[in-house]
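All remarks here apply to the structure that follows.
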Number of protein chains: 2
Amino acid sequence: MKKELSYFPKRDAGRRNYAERVRQVFQDYLALKDLRLTKQREKILDVFLSAERHLSQDDVYRLLKKDGLGRVTVYRTLKLLEESRLAEGVTSSSGETRFEIQLERPHHDHLICVQCGYIKEIRWPEIEKIQKQVCRKLGFSILYHRHELFGRCKDCSPKPPAAGS
Amino acid sequence: MKKELSYFPKRDAGRRNYAERVRQVFQDYLALKDLRLTKQREKILDVFLSAERHLSQDDVYRLLKKDGLGRVTVYRTLKLLEESRLAEGVTSSSGETRFEIQLERPHHDHLICVQCGYIKEIRWPEIEKIQKQVCRKLGFSILYHRHELFGRCKDCSPKPPAAGS
DNA sequence: ATCAATGCAAACGTTTTGCACTCCC
DNA sequence: GGGAGTGCAAAACGTTTGCATTGAT
C-alpha cells in the first residue's frame, strides 16, 4: 500500500466549494479596500483555482491574453492577491517567482527540482517547532519565512534507486 | 559564564590570512576558467573582506565608483563570485539580494529584521538534519537551500521584554 | 452615473550586451 | 603581444505609472 503522504485535505469532493470560498475571501478583501471584483480579477483567480498552484505572472498572462487581458492587470491583481494573503510567492528553479493560492492550506515549504522545475510541497512541523523555539530564545519574532530546497527530485536524480537497495 | 554560541571561527587573529585564502580561492577559480585576477576584481573582493558580509551590488558599486569602477564590472564580478561559490546571496528585508563571502564559514541561515534590516546568522544543525532525513526519504537530493526568516529582531520587537516576563 | 479598473504606451530601474580601449599574463 | 577585462553607451528585460476609455455597482 502506497502510503503517499497526503499533506493536504482532499478537496476533490469540495473543490467547487473551495473555489467559492476563495472567491469569497477575495471579494471580502476587495470590499474592505473599496475595490471591485471584476471579470479580469475573477479570471485570474480561476486560473489559479484550476491550475491550483505555482504559476508565474507570465503563465497567467499567457493563459489569459486570448481573453484580451493585459499584463498590467495581471501584475496588479497578483499584488492584490499577495496583499490579501490569498496568494504567496515561491522562488522557482529558474529564479522567477511563482504564485500559489494559500487559503485553508496548512503552511508548507517547497522542494524545487532544478532540472524539471517540479515543486513539491512539504510539511515538517518539527522544523517549524525548532524554528520557533530558537527564534523566541533570541527575541526574534517571526512574521513569515521562506524555506526552499533546491535539488533534484526522485525522477531527475542522477542515481535512480538501484536494484537491491 | 556566558556561553554565547560562537558559530564562526574566530578570525580576528587570522583575518589577514583569511583574506589571503579567499583571494587564493578566487584566483584558483579564475585560473581554472582561464580568467584573470584584476585590480577591480581584487578591490571588489577587498570590499567584501572588510565589510565581511551582506552587501548589495549597489553597496559595492558606491564604495568603489570613486576608484573609477563601473557598475558592469561589479555585476560581472559578483556573478563570478557566485559561480565560484565564494559568495552567496541573501534576500534582504527590502527584497534585494545581498551577498556575503562564504569561504570556510559553516552553513548558516538568516534571520532578517524587516524593520532595521539587520541580518542575523543562525545555525541549527537539528533542522538541517531533519531536512536531510526527510528529503532522503522522498528521494530528493538537495543541492542547496534557502532558509530565511523575516520578522523583528530583539531591538525592533513591538513588545520589549516586559518586567517580570 | 460614478468612480474604480482596464489596457495601452511610455517611463522606470535593473541587468546585460556590443564595442573600442586598457592592461594583465 | 595577445586575449581577456574594463567602462561606456545602448539594448534588453521586468515592472510600474499616466491617462483616456470601459465597466461594475
Side-chain angles (χ1 to χ4, degrees), chain A residues 23-24 26-48 54-84 86-99, chain B residues 23-48 55-84 86-99:
Chain A
R23 201 166 309 175
Q24 193 55 55
F26 194 37
Q27 196 152 18
D28 289 352
Y29 174 77
L30 292 170
L32 192 76
K33 290 264 195 173
D34 267 315
L35 303 174
R36 292 159 188 176
L37 182 56
T38 60
K39 265 186 204 124
Q40 288 90 336
R41 287 173 181 165
E42 271 195 320
K43 270 183 188 163
I44 291 172
L45 207 48
D46 286 346
V47 164
F48 274 105
H54 305 136
L55 295 169
S56 67
Q57 292 116 335
D58 199 58
D59 290 336
V60 178
Y61 171 66
R62 276 181 309 195
L63 284 165
L64 289 174
K65 72 175 159 189
K66 61 167 168 17
D67 301 62
L69 230 130
R71 270 216 148 79
V72 192
T73 307
V74 175
Y75 278 116
R76 287 192 273 229
T77 305
L78 285 177
K79 189 171 278 185
L80 284 173
L81 286 170
E82 272 197 294
E83 282 170 23
S84 70
L86 258 175
E88 189 173 282
V90 189
T91 312
S92 82
S93 52
S94 54
E96 70 186 344
T97 303
R98 294 176 162 272
F99 295 85
Chain B
R23 198 165 312 173
Q24 192 57 52
V25 169
F26 194 34
Q27 196 153 18
D28 289 351
Y29 174 78
L30 292 172
L32 192 75
K33 290 265 194 173
D34 267 316
L35 304 174
R36 294 159 185 174
L37 182 56
T38 60
K39 266 185 203 127
Q40 288 90 336
R41 288 176 179 163
E42 272 197 319
K43 269 183 188 164
I44 291 172
L45 206 49
D46 285 346
V47 163
F48 273 105
L55 296 168
S56 68
Q57 290 116 334
D58 199 59
D59 289 337
V60 177
Y61 171 65
R62 276 182 309 196
L63 284 165
L64 289 174
K65 72 175 159 190
K66 62 169 170 11
D67 301 60
L69 231 128
R71 269 214 149 81
V72 191
T73 306
V74 175
Y75 278 116
R76 288 192 272 228
T77 305
L78 284 178
K79 187 172 278 185
L80 284 173
L81 286 170
E82 272 195 296
E83 281 170 23
S84 71
L86 258 175
E88 189 173 284
V90 189
T91 313
S92 82
S93 51
S94 54
E96 70 186 343
T97 304
R98 296 179 159 269
F99 294 86

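Quick note on labels: first sequence line is chain A, next is B, and so on, each numbered from 1.
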State, to 0.1 Å, how close A:F48 and A:F99 come at their nearest heavy-atom pair, and which atoms those are.
CE2-O, 3.4 Å
B:K66 side, atom NZ; B:Y61 side, atom OH - distance, nearest 0.5 Å
12.0 Å
Between CG of A:L55 and CD1 of A:I44, what distance do you get to the nearest 0.5 Å?
11.0 Å
To the nearest 0.5 Å, atom CZ of A:R36 lies from atom CG of A:L30 at 11.0 Å
Rounded distance (Å) that lies between atom P of D:dA9 and atom CZ of B:R71:
14 Å
N/O donor-acceptor pairs under 3.5 Å from side chains in residues 68-84 of chain A, not counting sequence neighbours:
{"residue": "A:R71", "atom": "NH2", "partner": "A:D58", "partner atom": "OD1", "Å": "2.1"}
{"residue": "A:T77", "atom": "OG1", "partner": "A:T73", "partner atom": "O", "Å": "2.7"}
{"residue": "A:E83", "atom": "OE1", "partner": "A:Y29", "partner atom": "OH", "Å": "2.9"}
{"residue": "A:S84", "atom": "OG", "partner": "A:L80", "partner atom": "O", "Å": "3.3"}
{"residue": "A:S84", "atom": "OG", "partner": "A:L81", "partner atom": "O", "Å": "2.9"}
{"residue": "A:S84", "atom": "OG", "partner": "A:L86", "partner atom": "N", "Å": "3.3"}

Take the protein atom CG of B:D67 and the nucleotide atom C1' of D:dG7, then report the distance between them rounded to whole Å.
14 Å
For chain B and DNA chain C, what are the first and last nucleotides along the strand, 5' to 3', with at least one atom under 4.0 angstrom from a heavy atom of the protein chain?
C:dT14 to C:dC25
Residue-level proximity of residues 24-40 of chain B to DNA chain C when a heavy atom falls under 4.0 Å
B:R36, B:L37, B:K39
Identify whether the distance between the nearest side-chain nitrogen and carboxylate oxygen of A:D67 and A:K39 falls below 4.0 Å.
no
Given atom OH of B:Y75 and atom P of D:dA9, what is their separation to the nearest angstrom?
16 Å
Does anything in residues 86-98 of chain A form a side chain to side chain donor-acceptor pair (under 3.5 Å)? List the pairs, not counting sequence neighbours.
A:D59-A:R98, A:E88-A:Q102, A:T91-A:E148, A:T91-B:R146, A:S92-A:S94, A:E96-A:R98
With five pairs defining each end axis, the helix from C:dA1-D:dT25 to C:dC25-D:dG1 comes out bent, to 10°, by 40°
Please evaluate residues B:R41 and B:L35 with respect to the criterion side chain to side chain contact (heavy atoms under 4.5 Å, CB included), reporting the C-alpha separation (whole Å), side-chain torsions for both, the decisive distance (0.1 Å), and the verdict.
CA-CA 11 Å; B:R41 288 176 179 163; B:L35 304 174; 4.1 Å; yes
With a non-hydrogen cut-off below 4.0 angstrom, is A:R41 in contact with a base, only sugar-phosphate, or nothing?
sugar-phosphate
Test side chain to side chain contact (heavy atoms under 4.5 Å, CB included) on B:L37 and B:R23 and set out the steps.
CA-CA 9 Å; B:L37 182 56; B:R23 198 165 312 173; 3.9 Å; yes
Contact check, residues 56-65 of chain A vs DNA chain C, heavy-atom distance under 4.0 Å, returns none
